[in-house]
Amino acid sequence: YMLDSRKKLEIKRRCEERQRQSYEYWKESIKSETEREAILAAQDAETPSQRESRIKEEQRKQEEARELMFKQADSYKEMSDQGNAAASYLLGDMYMQYPQLNKTQEDALECYKLAADRGLLEAQFNLGYMCSKGRGWAQDTSLALEWYQKAADNGFPQAQANLGGMYFRGDGVNKSINKAGELYSKAAKQGFVKTFGEEFELVPIQIAVDPNPMQGTTEKTANNNTRT
């Protein structure tokens with residue numbers, strides 16, 4: 001599937017990337033801690049009237065954020081009702097992330113399924129990943145296989161790679177190195193390279209202007225080729 005030298009280069013690149021991310025996270029944590037200390041110190045020095053003004057401003061911002069959240073959900077719902085698959089998926093994301101919307105995980109799953117059924121390959125792949133990992137609901141290998149297979153059959157490379165991983169490990173299927181290699185090769189031909197057993201994670205979905213909303217076309221971003 002892949003030359004040894006290429007494997008070594010990929011492993012080296014991933015190690016360097018993880019080291020860089022760890023360093024960036026450490027820098028941000030130090031910065032965040034310093035900023036928190038400065039904020040707390042400033043609050044300790046507040047007069048009663050300053051404290052009252054600050055609390056009122058924080059409440060105003062929270063209410064503003066809440067209104068924006070509901071407006072965004074309403075906007076996604078309207079676009080979803082008009083057939084936009086990407087909007088259906090993003091509405092599901094909001095249901096998962098914001099309990100203030102009074103929606104359940106089942107409501108979110110229905111939105112995800114709607115987007116996938118409308119042919120949004122990213123949604124099909126993400127559903128496969130979430131089912132395989134138990135993200136948001138119980139782990140379900142058979143459903144993961146189903147959604148990965150749908151996206152892979154339509155040429156989505158991350159799904160081909162992750163489905164190959166399931167054949168490589170024998171997750172819910174008869175283990176087949178040949179089938180795994182075939183799927184990995186298809187993904188690699190599109191520039192999505194993974195070693196055996198490794199997986200691509202969730203891909204981002206964004207609304208894009210599309211004259212045919214039923215297709216739910218999404219913007220491709222650099223994150224689509226993220227390697228872990």
Might you work through the side chain to side chain contact (heavy atoms under 4.5 Å, CB included) test for F156 and K150, ending with a clear yes or no?
-> CA-CA 9 Å; F156 198 70; K150 285 184 179 181; over 6 Å; no
Criterion side chain to side chain contact (heavy atoms under 4.5 Å, CB included) on L114 and S80, from CA distance to verdict | CA-CA 9 Å; L114 181 59; S80 176; 3.8 Å; yes
Starting from the C-alpha separation in whole Å, work towards a yes-or-no answer on side chain to side chain contact (heavy atoms under 4.5 Å, CB included) for W147 and F125.
-> CA-CA 6 Å; W147 288 113; F125 168 79; over 6 Å; no
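With sequence neighbours excluded, no residue satisfies side-chain hydrogen bond (donor to acceptor under 3.5 Å, both in side chains) with Q139. For K133, the side-chain contact (heavy atoms from CB on, under 4.5 Å) partners are Y129, R135, E199, not counting sequence neighbours. Residues that satisfy the side-chain hydrogen bond (donor to acceptor under 3.5 Å, both in side chains) test with K71, not counting sequence neighbours, are absent from this structure. Partners of Y76 according to the ring pair (Phe, Tyr, Trp, His ring centres under 6.0 Å) rule, which considers only residues two or more places apart in sequence or in another chain, do not exist here. By the side-chain contact (heavy atoms from CB on, under 4.5 Å) test, Q62 pairs with no residue at all, sequence neighbours left out.
Considering every non-hydrogen atom in both A180 and G164, the closest pair reads CB-O, 3.2 Å. Here the closest non-hydrogen pair linking L163 and A152 is CD2-CB, 4.1 Å. Counting all heavy atoms, side chain and backbone alike, R118 lies closest to A85 at CB-CB, 3.7 Å. Minimum interatomic distance between A123 and Y112 (heavy atoms only, all atoms of both residues): CB-O, 4.4 Å.
To the nearest 0.5 angstrom, I177 atom CD1 is 12.5 Å from Y167 atom OH. Residue E146 holds its CD atom at 13.0 Å from OG1 of T141, rounded to the nearest 0.5 Å. Rounded to the nearest 0.5 Å, atoms OG (S176) and CE (M166) are 14.0 Å apart.
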Anything under 3.5 Å between a donor and an acceptor, one on a side chain of residues 94-109, the other on a protein residue two or more places apart or in another chain? List them.
residue	atom	partner	partner atom	Å
T104	OG1	E106	N	3.3
T104	OG1	E106	OE1	3.3
T104	OG1	D107	N	3.2
T104	OG1	D107	OD2	3.1
Q105	NE2	G136	O	3.2
D107	OD2	T104	N	2.9

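More than 12 heavy atoms of other residues, nucleotides or ligands sit less than 6.0 Å from atom CG of D44.
Under the 3.5 Å distance criterion, with hydrogens and angles disregarded, a donor-acceptor pair is assigned to the side chains of D153 and Q149. D140 and S142 are linked by a side-chain donor-acceptor pair at a separation below 3.5 angstrom, with hydrogens and angles left out of the test.
Screening E58, Q50, E57 for a side-chain hydrogen bond (donor to acceptor under 3.5 Å, both in side chains) involving R54 leaves a single residue, E58.
Within the 3.5 Å criterion, the main-chain N or O of L183 finds no donor-acceptor partner in the side chain of Q160. A donor-acceptor pair is defined here as one N or O able to donate and one able to accept, closer than 3.5 Å; such a pair exists between the side chain of N162 and the backbone of F200.
We find that E63 and R60 are not joined by a salt bridge, their nearest charged nitrogen and carboxylate oxygen being 4.0 Å or further apart.
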